[in-house]
Protein chains: 2
Amino acid sequence: MPKSRRNDKAAAAPEGALTMADLARLAGVSKITVSRALSENGIVAAGTRDKVRALAAEHGYKLNVSARNLRLRQSHTIAVIVEMKPSVNRPMSDPYPLELLGGIAQELATANYSVLLTTRPGALAPAVQAADAVILLGQGARQQAVHLFDRLRLPMVVWGAPGADEAHVVVGSDNRQGGASAAERFVALGRHHPVFLGDTDHAEMAERHAGFVKHLKTHGIAPIIIDHKAFTAESGFEAVAGLLRKKTRFDAVFAINDLLAMGAVRALIEAGLRVPEDVTVIGYDDTPLGAAFIPPLTSVHQNWHEGGVLLARKALALFRGEKVTSETLPSRLVVRTT
Amino acid sequence: MPKSRRNDKAAAAPEGALTMADLARLAGVSKITVSRALSENGIVAAGTRDKVRALAAEHGYKLNVSARNLRLRQSHTIAVIVEMKPSVNRPMSDPYPLELLGGIAQELATANYSVLLTTRPGALAPAVQAADAVILLGQGARQQAVHLFDRLRLPMVVWGAPGADEAHVVVGSDNRQGGASAAERFVALGRHHPVFLGDTDHAEMAERHAGFVKHLKTHGIAPIIIDHKAFTAESGFEAVAGLLRKKTRFDAVFAINDLLAMGAVRALIEAGLRVPEDVTVIGYDDTPLGAAFIPPLTSVHQNWHEGGVLLARKALALFRGEKVTSETLPSRLVVRTT
DNA sequence: CGGTATCTTGATATCGATAACATTCGATGT
DNA sequence: ACATCGAATGTTATCGATATCAAGATACCG
């Protein structure tokens, strides 16, 4: 069946490829009238508009996007650059980028925009450069981000921690508050020897750390900090096992990641301790896995979907030349068993 | 700064928007020569080509994709329709769609194609309809898929199980073989009372089930089948706990998913059984989580990245009118502790 | 009934790149 | 020396939609 496809094109225009000119002929009006009738804000007599729209629907008319974009000198496209390979920093095991993408796609679809997906190496493709704006996911707001921005010269919005780098519009979760909410719970539970588990170099994690430490300080508590580069359950296990071996005294663990938290819980249970009675544990990201974990993990939830929606809106606003500011989404502690 | 953006456009073309005509003037040749010089297979004198290319690079010339696509009557775009919301069948906790997407994006980028990402509701957007082909992810090869195909009238490739529905080109993992490889290992380990844990209604899972059962049968073994709709660790835990309560005799568990497998392992360990000595467990998908689990999970690995690459290639081939067939990727058992 | 305001529609030019056909020029053969 | 061939480049037309400016139709006013 597909064999003749190529020829179909060259031979007969029909092929279902109706143009505005065709519609115009059918309706007995001019091209431009069809254009106006089909557009949202075109000024046409109600009767004409209805007739044209009916015809368009009947014949399955499809707008030629390239032609419109060429004429309007814009692409109606937002490029999303995602880091899709797993790495030390991003175990990929979480749904994070997908949920963000879902939010972005949904929001842009309602605005009649398209999502052009690329990985970093593909960012120099002409189609990307023609985008109306760029959204950056999973790059960590600094380094390469700036670089790409310079090269592309496009309005850009970044997901991450609104760090010192205020050159970009950044959307991200309130990691500081997330850290604080964990601290808050520990205080409420009367824990006095909390442990922080995670990489304090990473921008977003550093925020969680800062919020955590600060809140504890107001209660006169200084946590034990375990600066851990890896993000796996195994490393969480090891870290806590190490503490236990050294007979360090602690009664609470805040991990910057559900995986680490799960490893920590395992280590505690294997050592014969009770969770949460002896040691209470809080993770981060509120992954489905943490929720399905046994015992179900208490974790800080980030609203990724909404984050995606926000990224999309800001990208569009930026393109339109509106004033756009960075924004931080609230995170909230989801209390389960641990 | 962005305030004047709109006017910039209307006012001065400069704005970095160099066209072929501009380049032609600079190089002292005609537009078409520039076009040929910049294209891969244009016939131009080597000297001219180099001069033009140098100029293009120097001035940062960017091809206007809309114009090219309009003229060539194709979009150089493949639409990827993904189900991005979590569901009973797809816990989203696995990297599955992202890795596929990564493979697709990479392959299409090298072919100078763009990836247009949409969710199902966005599939009727003009930009999607203009795509050269469509790739469907996470829809389960039947139902809606056909529907969309009819509506869109586009070459289409689907990720999933090459079921009875041979109307489409389907790329997927060899789930039957995956199931068989689990059975094979159980046999090799001398286990005689294996359990199958998973939803046999779901197309892909049904394949795993079939392969598993069939291979066991050749060794005269009939597994216990637990037809389980949920895909969470908790439900895996419950299922195995139930078996233990009923004092069912079993020495091996094959779960169609790492989460279920992890739950199963937990149930076994909590019941005082040793894994893998008393009961050996095999999961599916080889997720980073399973690998980081304690004990590290033995699991069937699917090559998603390659799957993405294949989907992309087939989509392109289909568009070009070449003959394209469904294809099944081998899966392999990754043996770890369990 | 003339004249102006309003509404609706149309003719033309244009966005930027490329295919198809035309042309120029030097080289080669006899 | 002339005809012919082929490489290199140019001219023109075109893809489909829309902004701009102009014109026709209708209504309303005094």
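When the nearest nucleotides of DNA chain C are assigned to A/Arg36 and A/Lys31 by heavy-atom distance, the more 5′-ward of the two goes with A/Arg36. When the nearest nucleotides of DNA chain C are assigned to B/Ile32 and A/Arg71 by heavy-atom distance, the more 5′-ward of the two goes with A/Arg71. Positionally, the nearest nucleotide of DNA chain D for B/Val44 lies more toward the 5' end than for the other of A/Ser66 and B/Val44. Residues A/Asn64 and B/Ala46 both approach DNA chain D. Their nearest nucleotides, taken by heavy-atom distance, put B/Ala46 toward the 5′ side.
Here the options are B/Leu116, B/Leu108, B/Ile135, B/Val157, the test is side chain to side chain contact (heavy atoms under 4.5 Å, CB included), and the partner is B/Val80; only B/Ile135 passes.
For the pair A/Ile43 CD1 and D/dA25 P, the computed distance is 20 Å after rounding to whole Å. Atom CE of A/Met20 is separated from atom C1' of C/dT9 by 15 Å (rounded to the nearest Å). One can place CD of B/Gln74 at 16 Å from P of C/dA17, the figure rounded to the nearest angstrom. For the pair A/Asn41 CG and D/dA17 P, the interatomic distance rounds to 17 Å; values are reported in whole Å. For the pair B/Leu38 CG and C/dG16 P, the computed distance is 16 Å after rounding to whole Å. The interatomic distance linking A/Asn69 (CG) with D/dT18 (P) rounds to 10 Å, in whole Å.
B/Val34 comes within contact range of no nucleotide atom at all, as no heavy-atom separation falls under 4.0 Å. Residue-level contact check: A/Leu63 touches the backbone only, with heavy atoms under 4.0 Å from sugar-phosphate atoms and none from bases.
The base of C/dG16 is not paired with the side chain of A/Arg73 by any donor and acceptor separated by under 3.5 Å.
Nearest nucleotide to the side chain of A/Thr19, out of D/dA17, C/dA11, D/dA8: D/dA17. Distance from the side chain of A/Arg68 is smallest for D/dT18 among the nucleotides D/dT18, C/dG10, C/dT18. Distances were taken from every side-chain heavy atom of A/Ser35 (C-beta onward) to each of D/dG16, D/dT18, C/dA19; the shortest belongs to D/dT18. Counting only heavy atoms from C-beta on, A/Leu70 has its side chain closest to D/dG16 among C/dA17, D/dG16, C/dA20.
The 12-atom threshold is exceeded at CG of A/Leu124, counting heavy atoms of other residues, nucleotides or ligands nearer than 6.0 Å.
With contacts defined as side-chain heavy-atom distances shorter than 4.5 Å, the pair B/Leu38/B/Val34 qualifies. Contact check for B/Gln106 versus B/His305: side-chain heavy atoms found under the 4.5 Å cut-off.
In this model, the phosphate group of D/dT9 is approached by a side-chain N or O of B/Thr48 to a distance below 4.0 Å at OP1 or OP2. Under 4.0 angstrom from either OP1 or OP2 of C/dG16 there lies no side-chain N or O belonging to B/Tyr61. Remark: A/Thr33 is in phosphate contact with C/dG10, judged by side-chain N or O atoms under 4.0 Å from OP1 or OP2. Dashed line: the shortest gap from a side-chain N or O of B/Ser30 to OP1 or OP2 of D/dG10 is under 4.0 Å.
Ion pairing between A/Asp22 and A/Arg25 holds under the 4.0 Å rule for side-chain N and carboxylate O.
In this structure, the separation between CG on A/Leu101 and CD on A/Glu99 is 10.5 Å, given to the nearest 0.5 Å.
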